[in-house]
Amino acid sequence: MEPLENPTLEQAIDDHANGRIEFGVLLNTLLNAPLLLPAHRDDDGSPALPVIAEVEDGPSVVAFSGRSRAGAVELPGNDWIVISGARLFAFVHPDRGVLLNPGSAVLRLPQDLVAQVVPQLPAQASEHIGSEFAPRTTDDGGRTDDAGRTDDKGRTDDPPAGSLPAIGASQEGVARNVHAWLESGPPWEDAEFFVAFCGSSWTARGLVRTPGGSRTVDVPPAMVEEFRGVRRATETPAKGTWIGANARVSRAGSYRFEYVYDDRLDFDAEDPRMLGTGPEGQGGLHPTIDEWRAEFRRQGRTPEYVPGWARSPDDDQAAPGAR
């Protein structure tokens with residue numbers, strides 16, 4: 001079991017139980033804290049699945065604020081996952097709630113509460129007018145934002161890359177256009193789009209879930225360009241930006257993004273995140289190690305942010321702590 005304890009979260013739980021803080025303060029502390037999830041992992045190497053508890057409010061993912069809490073109750077499972085509260089909420093929405101610390105200081109967070117925390121598309125998303133994935137332009141060819149603001153060169157006065165406003169606006173833009181695009185077609189429930197970049201190469205996968213099953217879809221090139229916009233918005237000095245992103249959008253209006261920064265990807269695989277599932281060829285995995293190294297150099301990643309599988313001897317010598 002992970003040696004995880006959360007004294008700040010434990011104090012917030014106690015303060016809320018005794019009326020010293022509002023629930024919103026506790027919730028904010030929870031979203032920013034690491035949590036411990038019991039999980040079950042099969043021997044076939046498939047991902048670990050969190051333990052689900054059936055409670056009055058509906059199925060809920062079990063989580064603990066620390067190892068001492070987890071040791072107070074017996075649950076099925078043979079593995080443990082450490083995940084932030086914010087990422088847990090994004091993971092369980094819209095199908096699950098969260099059951100924190102069953103057996104001691106239990107806190108039940110039902111589906112409807114989780115839904116209030118997970119980002120939602122604005123109500124006017126379904127009224128989106130125009131060509132999906134095409135930026136609106138001014139008469140002189142410049143781009144304009146939702147409020148109609150442009151700079152003196154005709155371009156939107158965007159917030160700085162790496163800032164929360166920039167990241168939030170770029171993610172919402174993709175989610176809004178995905179929603180509008182899918183609403184113009186057959187019935188759907190939710191959809192996932194995975195896009196990855198390495199130098200001038202990119203790959204994309206789309207999956208739409210319907211009331212009767214699911215279907216794969218081609219990702220429009222313009223959507224790929226919007227993912228590039230998200231990529232620019234998330235870029236920070238030294239760390240660079242992600243190499244793969246997965247966006248999930250529901251018809252109800254919720255959305256979430258997950259990013260791959262360090263894991264190697266195989267653009268030839270059915271799922272680029274699953275190495276070894278693509279066709280074997282002379283070149284092995286695509287992109288190659290050298291292509292990934294060039295990508296990380298282009299991003300301006302400092303050696304400590306270059307993943308171990310892509311490091312060169314020079315990176316190892318330049319990393320903090322190297323001698």
Checklist line | Qualifying residues under salt bridge (charged side-chain N to carboxylate O under 4.0 Å, His left out), relative to Asp112, sequence neighbours excluded | finding: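 Salt bridge (charged side-chain N to carboxylate O under 4.0 Å, His left out) check on Asp112 returns nothing, list empty.
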Would you tell me whether [X] and [Y] have side-chain atoms, one donor and one acceptor, within less than 3.5 Å of each other?
X: Ser68; Y: Glu5; result: yes
X: Ser254; Y: Arg256; result: no
X: Thr241; Y: Gln299; result: no
X: Trp188; Y: Glu183; result: yes

Check: Does Arg69 come within less than 4.0 Å of Glu10, counting only side-chain N to carboxylate O?
Finding: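 Yes.
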Next item on the list: Determine, for Asp14 against Arg20, whether the closest basic-nitrogen to carboxylate-oxygen distance falls under 4.0 angstrom.
Entry: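 Looking at Asp14 and Arg20, the cut-off is met.
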Next item on the list: List the steps, then state whether side chain to side chain contact (heavy atoms under 4.5 Å, CB included) holds for Ile13 with Leu26.
Entry: CA-CA 7 Å; Ile13 292 172; Leu26 169 60; 3.9 Å; yes
Notebook entry, point to check: Looking at Phe194, is Arg273 sitting on its ring face, NZ or CZ under 6.0 Å from the six-membered ring centre and within 45 degrees of the normal?
Noted result: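 Positive - Arg273 is close enough to the ring of Phe194 and near enough to its axis.
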Margin query: Quick test of your reading: applying side-chain hydrogen bond (donor to acceptor under 3.5 Å, both in side chains), list the pairs with at least one residue in residues 208-217, sequence neighbours left out, ordered by first then second residue.
Written below: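 side-chain hydrogen bond (donor to acceptor under 3.5 Å, both in side chains) check on residues 208-217 returns Asp190-Arg209, Glu192-Arg209.
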Next item on the list: Determine which pairs satisfy ring-ring contact (aromatic ring centres under 6.0 Å, His included) with at least one residue from residues 6-34, sequence neighbours left out, and list them in order.
Entry: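 Residue pairs with at least one partner in residues 6-34: His16-Phe23.
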Margin query: Donor-acceptor check, side chain of Arg108 to backbone of Leu100, threshold 3.5 angstrom: yes or no?
Written below: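 No: the side chain of Arg108 does not pair with the backbone of Leu100.
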Item checked: Residue pair Phe257 / Trp242, side-chain heavy-atom distance below 4.5 Å ->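 No, every pair of side-chain atoms sits at 4.5 Å or beyond.
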